[in-house]
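These notes concern the structure reproduced below.
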Amino acid sequence: MGEFELIQKYFSRAVNDARVSQAGGDDCALISVPEGYELAFSIDTLLPDRHFFSDDKPEHIAQRAMRVAISDLAAAGATPFCFTLSLSIPEVNEPWLQAFSDSLYREAEFFSCPLVGGDTVRGPLSISLQVQGLVPKGKMLLRSGAQVDDIVYVSGSVGDAAAALHVLTENMQLNQHDQVWFEDAYYRPQAQIQLGEKLRDVATSAIDISDGLAADLGHICSKSGIGAELDLAAIPISKTMRKNFDVEKTMEWALSGGDDYQLCFTAPKKCQQEISKISVELGLEITPIGKIVSEHGLRSVRKGSGASEPIHSSGFVHFG
Ligand code: ADP
Ligand code: MG
């Protein structure tokens with residue numbers, strides 16, 4: 001099977017979106033950005049044995065690739081619009097391609113984000129997705145807007161994906177519910193698109209947690225020229241994590257593990273009610289975990305006592 005036959009067979013499904021005037025099949029894709037919107041775009045490359053296991057199921061790889069890429073749109077408050085795929089594969093393995101393509105199209109459908117073009121080459125396995133999203137003009141969420149006294153929030157729970165990596169690589173035997181929980185955390189991260197959209201008029205800054213809460217909140221701090229104080233006891237840890245791992249380990253993963261793809265964001269105190277409302281509407285836990293301060297860097301503060309300690313994001317953490 002040659003390149004063109006392959007593209008035709010696996011990556012050329014029709015696009016039904018009036019804003020996409022030309023999808024695959026020509027030299028360029030052509031899209032119209034609706035009046036009053038801006039185009040936000042981002043690219044992510046996934047490599048075997050770095051971002052996924054090379055013997056992972058192709059449907060899992062596609063799912064993860066799509067959600068990791070889409071998560072950047074969520075963090076920007078952008079609504080998914082369309083994406084392109086640059087695929088390097090060592091050989092034509094049809095069952096692999098079929099499963100990968102089916103899964104990719106399922107994800108595309110779920111996020112209303114059609115595949116509009118790409119590139120296909122022979123080489124070491126590598127998957128790059130460039131995602132495009134739409135944001136009302138001037139409304140993109142940045143890392144740089146956090147203000148002193150803002151509250152720091154995080155969605156969902158954190159640390160699960162890092163724990164999942166441990167469960168998978170150590171071949172831990174858990175009960176079925178817990179096994180599925182961790183597999184989902186790793187292979188099916190929940191790109192928080194709806195939350196990002198709702199935060200456009202509320203949050204002062206936002207980021208998706210790909211490198212670990214401490215590191216990613218650290219990016220908000222450095223870009224915004226401020227610091228943050230966290231109440232470590234408030235950081236949301238899932239029940240399944242608590243059940244299977246001790247406090248030290250869960251805290252380390254929560255702060256320094258990556259791949260959660262939850263959103264960490266800041267918002268003024270006056271928005272607390274609005275944020276509770278969003279949490280209820282989305283059925284998504286949103287937890288205040290600290291506040292923005294003028295002193296640079298990340299510190300942990302224990303409720304009640306004024307004592308604070310620096311948090312190091314590189315895996316070693318002071319607490320307790
Ligand atoms: P060119 O040589 O002009 O770069 P290609 O031969 O690489 O074009 O691709 C032919 C068409 O197929 C293009 O419209 C391109 O967008 C599309 N295409 C190639 N690879 C993929 C892919 N992996 N997924 C979706 N569309 C693809
Ligand atoms: Mg090409």
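Residues: numbered from 1 along the sequence shown. Start at 1 and go down the list; that is how both ligands and their atoms are numbered.
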Can a donor-acceptor pair be found between the side chains of S155 and Q262 at a distance below 3.5 Å? yes
If we number the atoms of ligand 1 from 1 as shown, the ones under 4.0 Å from a heavy atom of D27 are 3 (O)
Heavy-atom contacts under 4.0 Å between V116 and ligand 1: side chain, backbone, both, or neither? neither
Distance under 4.0 Å to a non-hydrogen atom of D26: what atoms of ligand 1 satisfy this? 13 (C), 14 (O)
Counting heavy atoms only, name the option from A29, G25, G24, G118 that's nearest to atom 15 (C) of ligand 1. G118
Could you give the distance from CG (N244) to NZ (K249), rounded to the nearest 0.5 Å? 14.0 Å
Is the NZ or CZ atom of R13 both under 6.0 Å from the centre of the six-membered ring of Y105 and within 45° of that ring's axis? yes
Could you list the atoms of ligand 1 found under 4.0 angstrom from a heavy atom of T120? 19 (C), 20 (N), 21 (C), 22 (C), 23 (N)
Under 30°, 30 to 60°, or over 60°: which ring-plane class applies to F182 and F245, parallel, tilted or perpendicular? perpendicular
With heavy atoms of L85 as the reference, note each atom of ligand 1 found under 4.0 Å away. 22 (C), 23 (N)
Return yes if a side-chain donor-acceptor contact under 3.5 Å exists between D119 and S86, otherwise no. no
For L115, the ligand 1 atoms whose distance to one of its heavy atoms is below 4.0 Å: 24 (N), 25 (C)
Quick test of your reading of the model: are E59 and R106 salt-bridged, counting only N-O distances below 4.0 Å? no
What atoms of ligand 1 come closer than 4.0 angstrom to any heavy atom of F4? 6 (O)
